[in-house]
Amino acid sequence: MTQSVVSASLQARLAARSGAFTGPTANLAPGCVQANLAILPRELAYDFLLFCQRNPKPCPLVGVSEVGDPFLPVLGHDLDIRSDLSRYRVWKKGELVDEPTDIRDIWRDDLVSFLIGCSFSFEEAMLAAGLPVRHIEQGSNVPMYRTSIPTNPAGRFSGPLVVSMRPLKPADAIRAVQITSRFPSVHGAPVHLGDPAQIGIADIAKPDYGNAVEIRPGEIPVFWACGVTPQAVIASIRPDFCITHAPGHMLVTDVPNGSLAIG
């Protein structure tokens, strides 16, 4: 990776760490892998690791920390998981209790961090191919929806699949399938195209997470598995304590997006 890209990713993390940046991270530090976050106590870590292995579409792991260690040098220089995301979510007994921009004051020695691939990474390849990415055009967060599609349970973890959506013309949707299939580490190909009701989405204009985007005449909604799925699962199993990213507020790593492509 070039020094300019590394500097852009580190700059993004430092801006989050200082509190200067608290917004969604779509198209931030182009060229760099972004990751969803789930932080769990050690007693739940094995079950969650197994859950990710059984659900690689929504939960493709790109990194796992040592117990109690907030630093993941394999993903970035001077990377501190406690401060380098622009917004977190703190959960107690399955209820969202806070959305801080720093979690250093609640960090514990028994916590394990799981970093999960994010669809923001394959958006770079879509944009390079001339495909539209509506939430980037509109300067908003990507729309995300809980579905009726079940995940594969593991230990205490089970619950619904969450998807992200990008509207595309049918010909562009076919091209997007081809492009994103090359990125299995960041959710890969779409899981559904077309009628949202077929996957349990009652109102496409009312996402469960993120912001609604315009669907123009001649376009269809295209849905990808989403790394917010663990948050829906957490709400189902109600663990005593855990921390996640706020939807759309990812960890920006130093890993180049191109390193995740296959074929």
Student: Examine distances only and state if a side-chain atom of Glu219 and a backbone atom of Arg166 form a donor-acceptor pair shorter than 3.5 Å.
Tutor: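 Checking the backbone N and O of Arg166 against the side chain of Glu219, no donor-acceptor pair under 3.5 Å is found.
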
Student: Considering only heavy atoms from C-beta outward, does the side chain of Asp208 approach that of Val228 to under 4.5 Å?
Tutor: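 No. Closest side-chain heavy atoms not under 4.5 Å.
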
Student: Does a side-chain heavy-atom distance below 4.5 Å link Pro184 with Pro56?
Tutor: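 Contact flag for Pro184/Pro56 side chains = no.
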
Student: Does this structure show an ion pair linking Lys92 with Glu95, if we count only N-O contacts that are shorter than 4.0 Å?
Tutor: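 Between Glu95 and Lys92 there is no salt bridge, as every charged N stays at least 4.0 Å from the carboxylate O atoms.
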
Student: Without swapping roles, check the side chain of Asn152 against the backbone of Arg54 for a donor-acceptor pair under 3.5 Å.
Tutor: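 Yes; judged by distance alone, with no hydrogens or angles, the pair exists.
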
Student: Can any side-chain N or O of Ser65 pair as donor or acceptor with the backbone N or O of Ser113 at less than 3.5 Å?
Tutor: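 Checked: pair present.
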
Student: Are the side chain of Thr25 and the backbone of Met250 linked by a donor-acceptor contact shorter than 3.5 Å?
Tutor: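 Yes, because the side chain of Thr25 sits within donor-acceptor range (under 3.5 Å) of the backbone of Met250.
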
Student: Just wondering, do Phe241 and Val90 contact through their side chains at under 4.5 Å, heavy atoms?
Tutor: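 A side-chain contact under 4.5 Å exists here.
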
Student: List for me each residue that meets ring-ring contact (aromatic ring centres under 6.0 Å, His included) alongside Phe183, sequence neighbours excluded, and say none if there are none.
Tutor: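 Residues passing ring-ring contact (aromatic ring centres under 6.0 Å, His included) with Phe183: none at all.
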
Student: Which class fits the ring pair Phe157 and Phe51: parallel under 30°, tilted 30 to 60°, perpendicular over 60°?
Tutor: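 Phe157 vs Phe51 ring planes: tilted.
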
Student: Looking at OG of Ser119 and CE of Met144, how far apart are the two atoms once the value is rounded to the nearest 0.5 Å?
Tutor: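 Ser119 OG to Met144 CE: 8.0 Å, rounded to 0.5 Å.
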
Student: Looking at Asp203, I'd like to know if its CG atom is crowded, meaning that more than 12 non-hydrogen atoms belonging to other residues, nucleotides or ligands lie closer than 6.0 Å.
Tutor: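 Yes, enclosed.
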
Student: Between the main-chain N or O of Leu28 and the side-chain N or O of Gln34, is there a donor-acceptor pair closer than 3.5 Å?
Tutor: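 Yes.
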
Student: State whether the side chain of Thr244 and the backbone N or O of Ala38 hold a donor-acceptor pair below 3.5 Å, judged by distance alone.
Tutor: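 Not a single qualifying donor-acceptor pair exists.
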
Student: Calculate, to the nearest 0.5 Å, the distance between atoms CZ and CE belonging to Arg134 and Met165 respectively.
Tutor: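 If we round to the nearest 0.5 Å, Arg134:CZ and Met165:CE are 9.0 Å apart.
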
Student: Quick one: does Ser86's side chain have a donor or acceptor within less than 3.5 Å of a partner on Gly23's backbone?
Tutor: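 Side chain of Ser86 to backbone of Gly23: a pair is present.
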
Student: Say whether Val186 and Ile179 are linked into one hydrophobic cluster, either directly or through other cluster members, by side-chain heavy-atom distances under 4.5 angstrom.
Tutor: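 Yes: a chain of side-chain contacts under 4.5 Å links Val186 to Ile179.
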
Student: Closest heavy-atom contact between Thr147 and Ile149?
Tutor: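 In terms of heavy atoms, the two residues are closest at OG1-N, 3.0 Å.
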
Student: Do Val255 and Val62 touch side chain to side chain, with heavy atoms closer than 4.5 Å?
Tutor: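 No; the side chains remain at least 4.5 Å from each other.
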
Student: Are Val112 and Ile81 grouped together when hydrophobic residues (ILVMFWY) are joined by side-chain heavy atoms under 4.5 angstrom apart?
Tutor: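 Result: no, two separate clusters.
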
Student: How about CZ on Arg42, more than 12 heavy atoms from neighbouring residues, nucleotides or ligands closer than 6.0 Å, or not?
Tutor: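 Atom CZ in Arg42 is not packed in, count stays at 12 or less.
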
Student: Looking at every non-hydrogen atom in both residues, tell me the closest pair between Phe120 and Asn141 and how far apart they are.
Tutor: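 Smallest heavy-atom distance, with atoms named: CZ-OD1, 4.4 Å.
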
Student: Name the residue from Asp240, Ile234, Leu40 that meets the side-chain contact (heavy atoms from CB on, under 4.5 Å) definition with Trp91.
Tutor: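 Passing option: Ile234.
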
Student: Under the 3.5 angstrom rule, does the side chain of His187 hit a backbone N or O of Gly117 as a donor-acceptor pair?
Tutor: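 The answer is yes, because a donor-acceptor pair under 3.5 Å joins these two groups.
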
Student: Between Arg89 and Glu99, is there a side-chain N and carboxylate O pair less than 4.0 Å apart?
Tutor: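 A salt bridge links Arg89 with Glu99.
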
Student: I'd like to check Val33 versus Thr253 (side-chain heavy atoms, cut-off strictly below 4.5 Å). Are they in contact?
Tutor: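 A side-chain contact under 4.5 Å exists here.
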
Student: For Val252 and Cys32, which heavy atoms make the closest approach, and how far apart are they?
Tutor: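 It is CG1-CB, 4.2 Å.
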
Student: Please indicate whether Glu66 has more than 12 foreign heavy atoms, meaning atoms of other residues, nucleotides or ligands, lying under 6.0 Å from its CD.
Tutor: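 Counting neighbours around CD of Glu66, 12 or fewer heavy atoms of other residues, nucleotides or ligands fall under 6.0 Å, so no.
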
Student: Hey, are the side chains of Arg82 and Phe71 touching, using non-hydrogen atoms and a 4.5 Å cut-off?
Tutor: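 Result yes, sub-4.5 Å side-chain heavy-atom pair found.
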
Student: Can you name the nearest heavy-atom pair linking Arg13 to His77, along with the distance?
Tutor: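 Distance-wise, the nearest heavy atoms are NH2-O, 2.7 Å.
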
Student: Looking only at heavy atoms, which two atoms of Pro160 and Arg146 are closest? And how far apart?
Tutor: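 So the two residues come closest at CG-NH2, 3.8 Å.
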
Student: Measure from the side-chain N and O atoms of Glu137 to the backbone N and O of Pro132, and report whether any donor-acceptor pair falls under 3.5 Å.
Tutor: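 Checked: no pair found.
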
Student: Which atoms form the tightest heavy-atom contact between Ala189 and Lys57, and what is the distance?
Tutor: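 Smallest heavy-atom distance, with atoms named: O-NZ, 2.6 Å.
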
Student: Please report the C-alpha distance between Val233 and Phe48 in whole Å, then the side-chain angles of each, then the deciding distance to 0.1 Å, and finally whether the side-chain contact (heavy atoms from CB on, under 4.5 Å) criterion is met.
Tutor: CA-CA 10 Å; Val233 170; Phe48 188 72; over 6 Å; no

Student: Donor-acceptor pair, Asn36 side chain versus Ile116 backbone, under 3.5 Å?
Tutor: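 Yes: the side chain of Asn36 pairs with the backbone of Ile116.
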
